[in-house]
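To start, the structure under review is shown below, and the notes come after it.
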Amino acid sequence: MSHFAYKESPLPDINDGEVLLRSHYLNLAPVMRMYMMEDGGGYSTETLLNIGDVIHGRGVGEVIESKHKDFAVGDFLQGQMGWQTYKVSAVTAQEKFIKITPRGVPAYYALSALGMTGYSAYVGFIVKGKPKSGETVLVSGAAGGVGSLVIQMAKAIGCSSVIGIAGGPEKCALLKSIGADDAIDYKTDDLVSALERHFPSGIDIFFDNVGGTILNKSIPHMAKFGRIVSCGAISEYENEGDHYLNNYGNIRHLDADIRGFYVYNHQEKFA
C-alpha cells in the first residue's frame, strides 16, 4: 500500500446538469497501466496520471442525487468513476457513462460480460471477425476477460477448433473448462508447432489481445480470406524488443485482413 494514499474530502454540492454518484464496484483493467506511462501508451495525454491524481478506472455508480434531466435517483451508471467513493459528474462524453439497463442480474456484470469487456468481445469478434459455424478460431490472451468471452462466443456459434493461448497450466485449464477445444501455453509450448498441429488448414479468425511475437508467428498460419482482429497488444506495453511484423506479406498472398476497432465507435450497440 506504499504506492497509495487515502484522502477524505467533503462532498460538494451539485449544479444543474450534474449527478452525484456513489461507487458500488470499481474495475481493474490492463489499460489502466497506460495511464501511468510517460507517453500514455498512445492514449490521449488528457488521461495521464500525475502523482496525487485520482486513479482512472471504470466503475458502477448509483445516482444518489440528480439535477440532470436524463438520470433519476436510484439509476445505475457504468463509466469512468475513478477509484473514489463518490463522484460528481455532468455525464460528459469523456467519462463515457452508460445507463445500466435492468436485466435481473447483479450490477457488477456491467464491469464484465455486460460492460466494456463484453462489448469489446462482441464488437471485435462478432462485428469485425464475422464468424461462421465451422470456422477455426485462435484467441491470444485468452484467459483474460475479453478473450475468455470470445472463446465462449466462438463455441456458441459453432466454430470448430477453438484454441486459446495463455500462460501457465492453471490458465490453460481454465480455457478448457469454458469450452476451448485446447489451449497453448506460450511459456512452455512451441507456438509454431502447436499452430501447425491445431490448424492444418489455417486459422480463419485470430482474435489478438497480445500483439508482438505471438502475432508475428501466427500470421503465416492464417487461412485464405482469414481475419485478424486486433483488440490489444499487451506484450508491447513496455515498448521493449522488436514488435514489427516481418511477414506481413502473407496477409496479401492469403487475401486476409487485419481489422482494428475502437469499441466506443460502436456505442449504439450497447443498449
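Nothing fancy with the numbering, it's 1 onward along the sequence.
By the criterion of side-chain heavy atoms lying less than 4.5 angstrom apart, applied directly or through intervening Ile, Leu, Val, Met, Phe, Trp or Tyr residues, Val137 is grouped together with Ile178 in one hydrophobic cluster. The hydrophobic cluster containing Leu254 does not contain Phe225, counting ILVMFWY residues as joined when their side-chain heavy atoms lie under 4.5 angstrom apart, directly or transitively. When hydrophobic clusters are built by joining Ile, Leu, Val, Met, Phe, Trp and Tyr residues whose side-chain heavy atoms come closer than 4.5 Å, directly or via intermediates, Val123 is grouped together with Ile205. Linking Ile, Leu, Val, Met, Phe, Trp and Tyr residues whenever their side-chain heavy atoms come within less than 4.5 Å places Val150 and Leu174 in a single cluster. With hydrophobic clusters built from ILVMFWY side chains whose heavy atoms lie under 4.5 angstrom apart, Ile14 shares a cluster with Tyr86.
Rounded to the nearest 0.5 Å, atoms CD1 (Ile219) and CG (Asn250) are 7.0 Å apart. In this structure, CG on Leu175 lies 10.0 Å from CG on Asp185, to the nearest 0.5 angstrom. Distance check: His221 NE2 to Leu195 CG gives 5.0 Å after rounding to the nearest 0.5 Å. Distance check, rounded to the nearest 0.5 Å: NZ of Lys155 to CG of Asp181 gives 3.5 Å. Note that OG of Ser161 and NE2 of His198 are 7.0 Å apart. Values are rounded to the nearest 0.5 Å. For the atom pair CD1 of Ile228 and CD1 of Ile258, the computed distance is 4.5 Å after rounding to the nearest 0.5 Å.
Phe199 is listed as a side-chain neighbour of Leu138, based on a closest heavy-atom distance under 4.5 Å. Two residues are said to be in side-chain contact when any heavy atoms from C-beta on lie closer than 4.5 Å; Phe71 and Phe97 fail this criterion. When side chains are defined from C-beta on, Ser133 does not count as touching Glu135, because their heavy atoms never get closer than 4.5 Å. You'll find the side chain of Leu77 stays beyond 4.5 Å of the side chain of Val60, heavy atoms only. Taking 4.5 Å as the limit, every side-chain heavy atom of Trp83 sits out of range of all side-chain heavy atoms of Asn27. Leu149 is listed as a side-chain neighbour of Thr117, based on a closest heavy-atom distance under 4.5 Å. Side-chain contact between Val162 and Ile151 is present, with heavy atoms from C-beta onward closer than 4.5 Å. Side-chain contact between Val210 and Leu215: absent, with no pair of heavy atoms (C-beta onward) separated by less than 4.5 Å.
Seen from the ring of Phe76, Lys99 does not count as a face-on cation partner, given the 6.0 Å and 45° thresholds.
More than 12 heavy atoms of other shown residues, nucleotides or ligands fall within 6.0 angstrom of atom NZ in Lys87. Residue-environment remark: CG (Asp70) exceeds the threshold of 12 foreign heavy atoms within 6.0 Å. For Lys96, the NZ atom counts as densely surrounded, since its 6.0 Å shell holds more than 12 non-hydrogen atoms of other residues, nucleotides or ligands.
Side-chain atoms of Ser218 come within 3.5 Å of backbone N or O of Ile214 as a donor-acceptor pair. Remark: side-chain polar atoms of Asp190 are paired, donor with acceptor, to backbone N or O of Ser193 under 3.5 angstrom. Remark: the backbone N or O of Gly134 is paired with a side-chain donor or acceptor of Ser160 at under 3.5 angstrom. Side chain of Tyr186 to backbone of Ile165: no donor-acceptor contact under 3.5 angstrom is found. The backbone N or O of Gly145 sits less than 3.5 Å from a side-chain atom of Ser148, completing a donor-acceptor pair. In this structure, the side chain of Asp204 engages the main chain of Thr136 through a donor-acceptor pair within 3.5 Å.
In the model, Asp208 has a side-chain atom that pairs as donor or acceptor with a side-chain atom of Ser140 under 3.5 Å.
Between Lys67 and Glu18 there is no salt bridge, since no side-chain nitrogen of the basic residue lies less than 4.0 Å from a carboxylate oxygen of the acidic one. A salt bridge links Asp257 and Arg259; the closest N-O separation between the charged side-chain nitrogens and carboxylate oxygens is under 4.0 Å.
Nearest heavy atoms, Phe207 versus Ser120: CZ-O, 4.3 Å. The two atoms that bring Leu21 and Ser89 nearest to each other are CD1-CB, 4.4 Å, heavy atoms only. Here the closest non-hydrogen pair linking Val146 and Asn209 is CG1-OD1, 4.2 Å. Of all non-hydrogen atoms in Lys130 and Arg227, the two that sit nearest each other are O-NH2, 2.9 Å. Here the closest heavy-atom approach between residue Pro12 and residue Val88 is recorded as CG-CG2, 3.5 Å. Across all non-hydrogen atoms, the minimal contact from Ser201 to Ala223 is O-CB, 3.8 Å.
Aromatic pair Tyr122/His266: ring centres not closer than 6.0 Å.
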Inset, instruction - In sequence, state the C-alpha distance, the side-chain angles, and the governing distance for Lys176 and Asp182, and then conclude on salt bridge (charged side-chain N to carboxylate O under 4.0 Å, His left out). - result: CA-CA 6 Å; Lys176 294 179 184 178; Asp182 208 344; 3.6 Å; yes

Legend entry - From CA spacing to verdict: side-chain contact (heavy atoms from CB on, under 4.5 Å), Leu20, Val63: CA-CA 6 Å; Leu20 176 62; Val63 177; over 6 Å; no

Inset, instruction - Could you check Phe261 against Val229 for side-chain contact (heavy atoms from CB on, under 4.5 Å), going step by step and ending with a plain yes or no? - result: CA-CA 8 Å; Phe261 70 97; Val229 179; 3.8 Å; yes

Legend entry - Audit row: Glu62, Asp75, side-chain contact (heavy atoms from CB on, under 4.5 Å) steps and yes/no: CA-CA 6 Å; Glu62 178 185 3; Asp75 285 345; over 6 Å; no

